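All figures in this text were calculated on a predicted structure; none of them were measured in a lab. Here is the naming used below: chain letters follow the sequence lines, and residue numbers restart at 1 for every chain.
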Amino acid sequence: MAVSASRLKRVIGAVTAASLVAFVAACGGGDSDDSASGGDVTLEFAQWWGAELPAGDFDKIINDFTTANPNIKIKLISAPYASTKQQLITGAASKTLPDVVGLDGAWVNDFAKQGAIADMSKLMTDANYDSSQLASQIQLEGKTYMIPVVNFVYPLFVNKDLLTKAGVAKTPSTRTEFLDAAKKISATGGNVKGWALPLDTAVPNGIQNDVMSWLWASGGSMLADGKPALQTDAVKSTVEYVKSLNDANVIAPGSLTMKEQDKVEKFTQGQVGMMIDSLAHVSLIKKNKPDLKFEIAAIPAEDSYTGKRGIPYASWGIGISNSTKHKAEAFKFVSYLMSAETNAKLATIANGFTGNKNAEPDFSNSDPLFKQAFDIYKEGTPANEFVGLPKSEDLMRSFDEQLQLVLTGKSSVDDALAKAQESWSSVIG
Amino acid sequence: MTMLATKTAAPVEPAAPKRKSLARRLVPYGYLSPTIVLIVVLMVVPIVMVISYSFRDNVIVQDNSVFAGFANYTKVLTDPDFLAAIKNTAIFITVSMVAHLVLGLAFAMMLNTELLGGVTKAIFRIVYILPWLFTIAVIAVIWRLLLDPAGVINYVLHSIGLINEGVNWLGDPGKALWAVTFINIWSGYPFFMISLLAGLQGIPKDLYEAAAVDGTNWFQRFRHVTLPQLRPVIISMAVLDLIWTSQQFALIWMTTGGGPLNTTEMLSTYTYKQAFSEYEFSTASAAAVIVLLLTMILAFFYVRQQRER
């Protein structure tokens, strides 16, 4: 009995050890790329788009591809934007990015420098792809690392009811008109203010969307030959203008920690009369407050400015992992998404604008505002100088901190811009 | 076959007990090995990696990382933002812990009193424990709405005449740290309350009876019976709370993001920004190691206190 118990223990010990070895081997041996079997290839596609589209719509587009290409399977990894970003940052660091990745222009520089995303120019040449159909490509040193699939513009949203109540007949198109309208809206009383400025430093994209947009709208630039140029008259006048709005007390309170969603919520609830926001939020606003009367317009420019207006945009970009073993198949999938027909379909369901020049979104069933926005987009120039910059979120944050000092009276505009310039130069100088 | 087997087995017979005893000695390690492997894979390896990153430069984002000695530590320890984060974290965890303790003890004593009936106590128990049931994301969203300049808190304060216009609780550099500390206190006191209530219920009644016979008043009984009896629980909870609160990231990130003007920047948010915004994984690792050392000091007191018990 004693002998058999001891043998039993030994067997248990051996099984435990064997299973541990297997466990450790399984931990170390995971290779998502190598899922090919019997000639089939499975591509992992990590993005946040699926989470922002109506349920099932994105799957339909993917299914059309897999039906036409039965040897390629697509495994969608859909998560909200912030989770996708974190997942990709760690994936890029550990060289375990999914085969195809949804990209924001702000991440491209860092990922490309890490060697985590592939040079798509080479893949285009290998596949004889006609890149002239692409509206834009995000390049570094002449090589394409990201292709914008769908673009979203950030126009000015105006609450018509509040504007009428404030006695403003015309939607503001210059900075002076905007300040005047914001003052009049703020004077209507209650908790209503003219404008919302989200400056939360956790996600500091308010600098890109709500501050630099004023600069780009007047044809200004924060860069000169790819280097920071924050101490120019154009940037100074932009920051001074934002400060003048703050001094006039027309900005909704709490802006130093306000998030983008708070801005949209305040506009939806009629607590602010105007905001600069993504067109993608039109449906959300209409769903939450169907009776809100609002319109969109180009972002006001400097009074004397007559040139083309820059209009900020954000993209759903796409890139290919440098470590995938199936680059050709991955590019085949990318070119499918960029084809005129698919791209138009995707842009239509996303309420965005196409990344393929030959594709035009179908506005027949959508809100008239989208058609209006498309006209604004076509009349102006898409402008987002943060795209392709290294550590762009960090650049936004350091500018944000300086702007907060200006708005709280702790720093002059000149000092703040000098400090921001110094901080930016250490990153992209 | 049988004979052959017997013959071949015969010469190794003397060695068998030795093998048996070796196998027997290894068996306990076999049982322990799943836990050991998990601890090594999930704790030891990551900690050692972070420590090694903290002594190197260009880690993770570049292939050619180089040994940098204490350069990352010097950089972090001379960074005014890091020093501000240490100060903010110290205020945040100390005030939170003291308030958790005071509120937790007060509510626990109320739930333990014989002056209230069973139903009343049950209702209060449910009400008091509610904050503990929400996840931190929900707590952050609720309090962002409540503390909005046009939110409920300001409306109430304005209605009763305490303020004239909406206060910027989370957006004012002078108030933000106190506002997030308040939210943390609100969300964390129920755990103290439950633990202290269990401690209170374990105090023998005869101690109070003996004290009453000696003619003590309520406060004397609280000071000389309740507090000494609760002392081990209070110390354990206080140290654990300091450790837990020092790791609070989600609440800060979702309410103020470390702003405005870094007034709510904590060690956790500072480290996160270094890693995931600046991609400076070396300095982030150095900051994380400093946090680890500070936490280990607290953990040392906790372990010593537990050993004394």
Side-chain angles (χ1 to χ4, degrees), chain A residues 3 6-7 9-10 12-17 19-20 23-24 27 85-86 89-90 92-95 110-111 113-116 190-193 199-204 252-259 261-262 265-266 269 271 390-394 396-398 400-401 404-405 407-408 410 427, chain B residues 19-20 23-24 26-34 36-38 40-41 59-63 81 141 144-145 147-151 154-155 165-173 176 179 252-265 269 272-281:
Chain A
V3 174
S6 155
R7 186 175 294 165
K9 278 181 187 171
R10 259 185 286 163
I12 292 172
V15 170
T16 311
S19 53
L20 277 173
F23 169 75
V24 172
C27 284
K85 184 186 170 194
Q86 277 184 20
I89 287 174
T90 43
S94 56
K95 305 283 185 287
D110 301 300
F111 286 177
K113 280 194 178 151
Q114 289 172 44
N191 288 323
V192 177
K193 291 285 175 189
L199 290 178
D200 176 47
T201 47
V203 185
S255 68
L256 301 193
T257 49
M258 188 185 283
K259 295 175 190 293
Q261 60 264 38
D262 301 330
E265 184 60 22
K266 281 184 184 291
Q269 296 309 325
Q271 290 173 3
K391 300 183 183 178
S392 50
E393 190 181 290
D394 191 38
M396 288 180 212
R397 184 172 292 124
S398 57
D400 195 342
E401 285 167 2
Q404 292 199 7
L405 287 171
L407 299 184
T408 48
K410 293 187 168 74
V427 179
Chain B
R19 270 218 316 265
K20 254 187 209 164
R24 192 168 294 160
L26 285 178
V27 165
Y29 295 101
Y31 287 122
L32 283 175
S33 50
I36 292 171
V37 168
L38 282 177
V40 169
V41 171
V59 289
I60 297 183
V61 290
Q62 287 179 28
D63 293 331
D81 288 349
V141 171
R144 277 184 71 84
L145 291 171
L147 293 175
D148 189 89
N154 278 330
Y155 176 78
E165 57 176 20
V167 179
N168 230 332
W169 298 104
L170 291 167
D172 184 331
I252 306 293
W253 196 249
M254 284 188 267
T255 49
T256 60
L261 297 172
N262 288 336
T263 48
T264 60
E265 188 84 295
T269 51
Y272 180 87
K273 282 178 186 170
Q274 287 289 315
F276 292 102
S277 175
E278 300 192 21
Y279 303 112
E280 296 286 353
F281 288 91

Applying a strict 4.5 Å limit to non-hydrogen atoms, the region of B:T264 in contact with chain A is neither
Please identify each residue that fulfils salt bridge (charged side-chain N to carboxylate O under 4.0 Å, His left out) with B:E265, with sequence neighbours left out.
B:K273
Chain A shares the most heavy-atom pairs under 4.5 Å, among B:Y272, B:F281, B:W169, with B:Y272
Answer with side chain, backbone, both or neither: which region of B:Y29 has an atom nearer than 4.5 Å to a non-hydrogen atom of chain A?
neither
Most contact-rich option vs chain B, by heavy-atom pairs under 4.5 angstrom, among A:K410, A:R397, A:E265, is A:R397
Highest number of heavy-atom pairs under 4.5 Å with chain A: which of B:N262, B:L26, B:T269?
B:N262
Do you know which of A:L199, A:V427, A:D262 has the most heavy-atom pairs with chain B at a distance under 4.5 angstrom?
A:D262
Residue A:K259 versus chain B: region with a heavy atom under 4.5 Å
both
Top contributor to chain B interface from A:N191, A:V203, A:T201 [non-hydrogen pairs under 4.5 Å]:
A:T201
Taking every non-hydrogen pair under 4.5 Å, which of A:K95, A:Q404, A:M396 racks up the most with chain B?
A:Q404
Exam field: side chain A:D394 to backbone B:S277, donor-acceptor pair closer than 3.5 Å
no
Sort A:M258 into side chain, backbone, both or neither according to what part of it lies under 4.5 angstrom from a heavy atom of chain B.
backbone
Would you mind checking which part of B:Q274 comes under 4.5 Å of any heavy atom in chain A, side chain (CB onward), backbone (N, CA, C, O), both or neither?
neither
A:D400 meets the salt bridge (charged side-chain N to carboxylate O under 4.0 Å, His left out) criterion, sequence neighbours left out, with none
Heavy-atom proximity to chain B below 4.5 Å, by part of A:L405:
both
Checking B:D172 against chain A: side chain, backbone, both or neither under 4.5 Å from a heavy atom?
neither
Residue among A:A116, A:G254, A:A202 with most heavy-atom pairs under 4.5 Å to chain B:
A:A202
Using a 4.5 Å cut-off on heavy atoms from C-beta on, say whether the side chain of B:Y279 contacts that of A:I89.
yes
B:F276 atom CZ: more than 12 heavy-atom contacts under 6.0 Å
yes
Of all heavy-atom pairs between B:G171 and A:T257, which one has the smallest distance, and what is that distance?
CA-OG1, 3.4 Å
Does any backbone or side-chain atom of A:T408 lie under 4.5 Å from a heavy atom of chain B? Answer side chain, backbone, both or neither.
side chain
